[in-house]
Amino acid sequence: MAKKDIDWGNLGFGYVKTDKRYVSNFKDGKWDEGKLSSDDMITMSECACVLQYAQTCFEGLKAYTTKDGKIVCFRPDLNAKRMADSCERMKMPVFPVERFVEAIKQTVKANAQWVPPFGSGATLYLRPFMFGSDAIIGVKPANEFQFRIFATPVGPYFKGGIKPLTLRVSDLDRAAPHGTGHIKAGLNYAMSLYNIVDAHEKGYDENIYLDSGSRTFIEETGGANIIFITKDNKVVTPKSNTILPSITRRSLMVVAKEYLGLEVEEREIRLDEIGEFAECGLCGTAAVISPVGKIVDHSKEICFPAGMESMGPVTKKLYDTLTGIQMGEIPAPEGWIEVIE
Ligand code: PLP
Ligand code: COI
C-alpha cells in the first residue's frame, strides 16, 4: 500500500489529522459497539464533566513499520491495563482490555498509509483517551463517557533528536503523596504546563520532579520516567508510588537484564546522589530513550561524563536493542509485538 507523501524525516512531535479515529460511547451503563469515524470534531455540552472537573485520562503508544514491511504495535495490552487503572481511580468506566487492543488494531489498519516507513525516524503515535461527556455541575463523576483513539505520525519528542538534554530540578510539584501521579490523568499534565513553559523560557528541556512529600528523591519528568547508569554499568531507576509506571521503562529493565546481561535495580534515588551516575536518560513512548547530559539543581550543575554530544554507551545499547525489538530487527519476548497486518 502506498504511503502518504510526507517528509517523514522532518516530522516533529505534533498533531497531524489522519483519516480515521475510533469512537465508542458509554451511556445507560454500557459501551456501544464502537466504530471508526472520519469526523475529528467533538460536540458536547458546555457543562460536560471533562470541561468543568477534568474527568479525563489518556494513553500513548506507537505503531511501527518493520524492516520486512509489517505494521506492528508495542505491548498495547499494557496500555489497556494502565488505562483501566486510570479509569478506576477517576471513576470512569473501564474500556475492556480486549476491546482496547482490537480498537487499536482497527485504528492503525484504517490509517496504514500514515504509518511511517521503516528507517524514516518517524512512527505513528496513537492516543487513546476517555472523558466524561454529559453535563455535570455538582462535583461528581459523569454518567456518559466517550472513548476515542486518534493516530498521528510523529518524529522525535525533543527537538534535536538524540542530542543530550539539559533538565532542571523543579521547585514545583507534579504529584501529591496518595494522589494521582501513578495514573495517566489529564490533570497531572495540566499541573505541569506552567512549569514546562517556564523551563523552556529559561533554556531547559524539561523539569525533574522530586517526591513532593520529602523533596529528597528523584521521581520523573513531566512526560517520561528516568533511568540512570552507574559507573559499573548497572541500570537504576526510581521506585515510587507517585510516578507513572512507564511501559518503556518496564520493558527496558527486561532488555537490560535479559538481552544485555546488565544488573538492574529499582530503588529510591536521592537527589544528592545523582552526581555519582555515569549516564542518565528519559524513557517513554514519546521520548523513546532521550539522553540527559546535564541536570541543573539551582546553583549546582550535574554533568554526566557521557557529555552533551552523544548518548552514553550503555544508554545507546539499550536504545538500539529496544528500538530493534520494536522495529522487528531483534526477536521480541513473547507477547510484546502485536502484528496489525
Ligand atoms: N511518565 C509520564 C509522566 C508520562 O507522561 C509518560 C508517557 O507516557 C511516561 C512516564 C512514559 O510512559 P510509557 O513508557 O508507558 O510511554
Ligand atoms: C507518551 O510518551 O506517550 C506520553 O504520553 C508523554 C507525553 C508527554 C507526550
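Atoms within a ligand are numbered from 1 in the order they appear, just like the ligands themselves. Both backbone and side-chain heavy atoms feed into the values below; hydrogens, waters and symmetry mates do not.
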Can you report which non-hydrogen protein atom sits closest to [atom], along with the distance?
{"atom": "atom 5 (O) of ligand 2", "answer": "K184 NZ, 2.7 Å"}
{"atom": "atom 2 (O) of ligand 2", "answer": "A286 N, 2.8 Å"}
{"atom": "atom 8 (C) of ligand 2", "answer": "Y157 OH, 3.3 Å"}
{"atom": "atom 6 (C) of ligand 2", "answer": "G223 O, 3.7 Å"}

Could you tell me, atom by atom, which parts of ligand 2 come under 4.0 Å of a heavy atom of F58?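 By the 4.0 Å cutoff, the relevant atoms are 5 (O).
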
List ligand 2 atoms under 4.0 Å from Y125, heavy atoms only on the residue side.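 Answer for ligand 2: 1 (C), 3 (O), 4 (C), 5 (O).
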
If we ignore angles and hydrogens, is there a donor and acceptor under 3.5 Å between the side chains of [X] and [Y]?
{"X": "S240", "Y": "E219", "value": "yes"}
{"X": "S37", "Y": "D39", "value": "no"}
{"X": "E144", "Y": "S133", "value": "no"}

Verdict with supporting geometry, F58 and F129, ring pair (Phe, Tyr, Trp, His ring centres under 6.0 Å): CA-CA 4 Å; F58 70 99; F129 62 111; 8.5 Å; no

Would you confirm whether the ring centroid of F150 sits within less than 6.0 angstrom of the ring centroid of Y15? yes

Examine Y64 together with F118 and report whether their ring centres are nearer than 6.0 Å. no

Which one holds for E59 and ligand 2: side chain close, backbone close, both close, or neither close, with close meaning a heavy atom under 4.0 Å?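 Answer for E59: neither.
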
Record the part of E206 in heavy-atom contact with ligand 2 below 4.0 Å; permitted values are side chain, backbone, both and neither.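 The answer is neither.
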
Do the numbers put R148 on top of the ring of F131, so that NZ or CZ is under 6.0 Å from the six-membered ring centre and no more than 45° off the axis? no

N or O contacts of ligand 1 with protein under 3.5 Å, please list pair by pair.
residue, atom, partner, partner atom, Å
ligand 1, 1 (N), E220, OE1, 2.6
ligand 1, 5 (O), K184, NZ, 3.1
ligand 1, 5 (O), Y189, OH, 2.5
ligand 1, 8 (O), K184, NZ, 2.8
ligand 1, 12 (O), S246, OG, 3.4
ligand 1, 14 (O), S246, OG, 2.6
ligand 1, 14 (O), I247, N, 3.3
ligand 1, 14 (O), T248, N, 2.9
ligand 1, 14 (O), T248, OG1, 2.5
ligand 1, 15 (O), R82, NH1, 2.7
ligand 1, 15 (O), R82, NH2, 3.1
ligand 1, 15 (O), I247, N, 2.8
ligand 1, 16 (O), T285, N, 2.9
ligand 1, 16 (O), T285, OG1, 2.6

Apply ring pair (Phe, Tyr, Trp, His ring centres under 6.0 Å) to F147 and list each qualifying residue two or more places apart in sequence or on a separate chain. F95, F100

Other residues, nucleotides, ligands: >12 heavy atoms within 6.0 Å of K316 NZ: no

Side chains of K140 and Y53: does their closest heavy-atom pair fall under 4.5 Å? no

